[in-house]
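In what follows, a single structure is set out as structure tokens and then discussed.
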Number of protein chains: 2
Amino acid sequence: MTAETPRTPGLPKAQVRPAPDRTSTPTPSKVDRPTRRRGRTRARLIEAAFAVFAERGFGRASIEEICEAAGYTRGAFYSNFSSLDELFFALYEHRAQLIADQVGGVLGRVSGQDTVEVLVNRVIEALTLDRDWIMVRTEFLLHAARSATIAATMTAHRTVVQETLARTLQDVVDLTDLPPALRSGASLARAVMAVHDGVVVEMLLGTGTEELKSWLRTLLLALLD
Amino acid sequence: MTAETPRTPGLPKAQVRPAPDRTSTPTPSKVDRPTRRRGRTRARLIEAAFAVFAERGFGRASIEEICEAAGYTRGAFYSNFSSLDELFFALYEHRAQLIADQVGGVLGRVSGQDTVEVLVNRVIEALTLDRDWIMVRTEFLLHAARSATIAATMTAHRTVVQETLARTLQDVVDLTDLPPALRSGASLARAVMAVHDGVVVEMLLGTGTEELKSWLRTLLLALLD
DNA sequence: TGTATCGGATACGTCAATGTATCCGTTGTT
DNA sequence: AACAACGGATACATTGACGTATCCGATACA
């Protein structure tokens with residue numbers, strides 16, 4: 001009940017199952033590709049989970065609540081995931097990928113000779129300050145703190161972003177005089193991420209986005225200039 | 001069952017109840033002071049909650065689990081708190097107070113003329129890097145993100161620490177050349193807390209305490225020197 | 001168009017956790 | 001020492017969320 005969003009099926013195609021032993025591949029393009037409908041359902045559940053986790057928190061979110069928000073019943077959930085943790089994990093990977101792409105997009109190709117200020121502005125532009133995402137990310141961080149496996153996943157994603165940042169910040173290394181320990185793109189990237197992580201705490205306590213961007217700029221310039 | 005810690009009562013004295021209308025104060029020192037036993041029970045429940053929240057997370061911790069860890073039954077809990085949130089709140093206030101005291105203790109009186117490096121070392125010494133506390137604090141931060149009231153509480157506590165830091169950092173303002181926006185004890189304190197908050201994220205992902213202190217020192221020196 | 005199969009819905013049993021109502025031992029007072 | 005009140009334990013009823021077993025409509029392939 002109270003479902004008003006999807007309710008519109010999709011169009012399957014193939015599945016991941018035990019593979020009915022197709023010795024003679026009928027159509028060369030349907031080996032184990034997951035069904036279309038399935039993909040949509042998964043995606044919708046993940047999106048709904050994002051909203052619910054952001055609003056209620058992981059601890060207080062129930063499977064049913066998420067399904068309701070997505071316009072499905074628990075049957076759909078259990079058909080796609082085996083636990084709430086698994087969904088949470090999938091959600092994190094999905095969004096983290098988006099973030100990485102975004103950062104990569106904005107900082108993509110280094111534009112040769114820029115001033116530090118210009119570089120800082122691009123970096124700030126690239127870093128996310130979306131409150132919902134920050135909240136979900138923070139919950140995930142807490143999970144990582146309790147599971148080496150999850151921590152590894154999160155670290156891996158951070159590394160991707162960090163490396164992108166490092167390439168951009170490589171230029172800064174020569175533009176300004178930095179303490180020895182910070183004289184590398186990698187360590188500068190690590191520093192920028194730390195500052196970002198720190199500033200973001202204030203966002204959770206109510207500071208507005210613009211104010212925070214300004215504060216972030218101040219800090220980064222103080223550090224890098 | 002499985003209780004092996006307290007189980008030893010305390011000694012009452014008075015209570016907060018509707019006050020039996022004592023018009024003629026019998027003994028001038030027992031107006032509404034909470035019972036001794038009560039205080040101990042509360043304290044033990046709070047300590048147990050700290051351990052349980054740190055290990056299992058707020059979302060997965062049950063009231064019973066905490067009572068068990070404290071050596072009580074749920075009866076004791078409901079006699080002292082009305083919800084898990086309330087206990088969590090009390091726990092936060094308790095620990096936050098300890099932290100504030102500690103920071104105040106270490107940075108208490110400013111020692112006149114120190115080098116920036118010495119000041120930074122004292123600041124680092126003062127800032128907590130206790131993993132359990134960081135985790136509980138992060139959970140609380142997430143609650144604050146969803147409740148203006150809780151956010152206000154947390155901000156208040158941060159302000160206390162920030163002001164202590166500000167007094168200490170007041171000296172730095174003249175010792176080094178900083179960007180205009182950072183030329184005050186208050187903004188420097190805000191910056192130091194941001195860096196601290198940022199570095200602490202790495203701790204949750206597995207970086208060790210010493211490594212982190214070193215990294216924190218690097219960042220603070222780069223910022224302040 | 002027929003049909004095997006897939007994806008999600010429905011219905012059910014289970015369990016852990018909650019909150020309350022009540023009881024009993026302990027404590028401080030007279 | 002007796003007593004009144006307090007603090008915590010015990011017992012109980014309730015509920016909400018979970019996971020599973022099964023069913024039905026939709027879909028792709030022949």
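Bear in mind the structure is a predicted one, so any value in this text is a computation, not a measurement. Note on naming: letters A, B, ... go to the chains in the order of the sequence lines (proteins, then strands), and numbering restarts at 1 for each one.
The separation between B:I66 atom CD1 and C:dT18 atom P is 9 Å, rounded to whole Å. Here C:dG28 presents its C1' atom at 10 Å from CZ of B:R36, a figure rounded to the nearest Å. The CG atom of B:L87 sits 12 Å away from the P atom of C:dT18 (whole-angstrom rounding). Spacing between atom CZ of A:R40 and atom C1' of D:dT27 amounts to 13 Å, rounded to whole angstrom units. Rounded to whole Å, atom P of C:dG19 lies 12 Å from atom CD of B:E86. Straight-line distance from the OH atom of A:Y72 to the P atom of C:dT10: 14 Å, rounded to whole Å.
Classified by interplanar angle (parallel below 30°, tilted 30° to 60°, perpendicular above 60°), the ring pair B:F89/B:F140 is tilted. Taking the six-membered ring for Trp and thresholds of 30 and 60 degrees, A:Y92 and A:W133 have nearly parallel ring planes, at less than 30 degrees apart.
Between C:dA9, D:dT10, C:dG7, one nucleotide has an atom nearer to the side chain of A:R38 than all others, and that is C:dG7. With D:dC6, C:dA9, D:dA9 as the choices, the nucleotide that has an atom nearest any side-chain atom of A:A76 turns out to be C:dA9.
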How does protein reach along nucleotides 17-22 of chain D, written 5' to 3' as B (base within reach of a heavy atom under 4.0 Å), S (only sugar-phosphate), or - (no contact)? SBBB--
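A salt bridge links A:D197 with A:R137: at least one charged nitrogen is closer than 4.0 Å to a carboxylate oxygen. B:E202 and A:R190 are joined by a salt bridge, as a carboxylate oxygen and a charged side-chain nitrogen come within less than 4.0 angstrom of each other.
In this view, A:W215 satisfies the ring pair (Phe, Tyr, Trp, His ring centres under 6.0 Å) rule with no residue, not counting sequence neighbours. In this structure A:E65 satisfies the salt bridge (Lys or Arg N to Asp or Glu O under 4.0 Å) test together with A:R56, sequence neighbours excluded.
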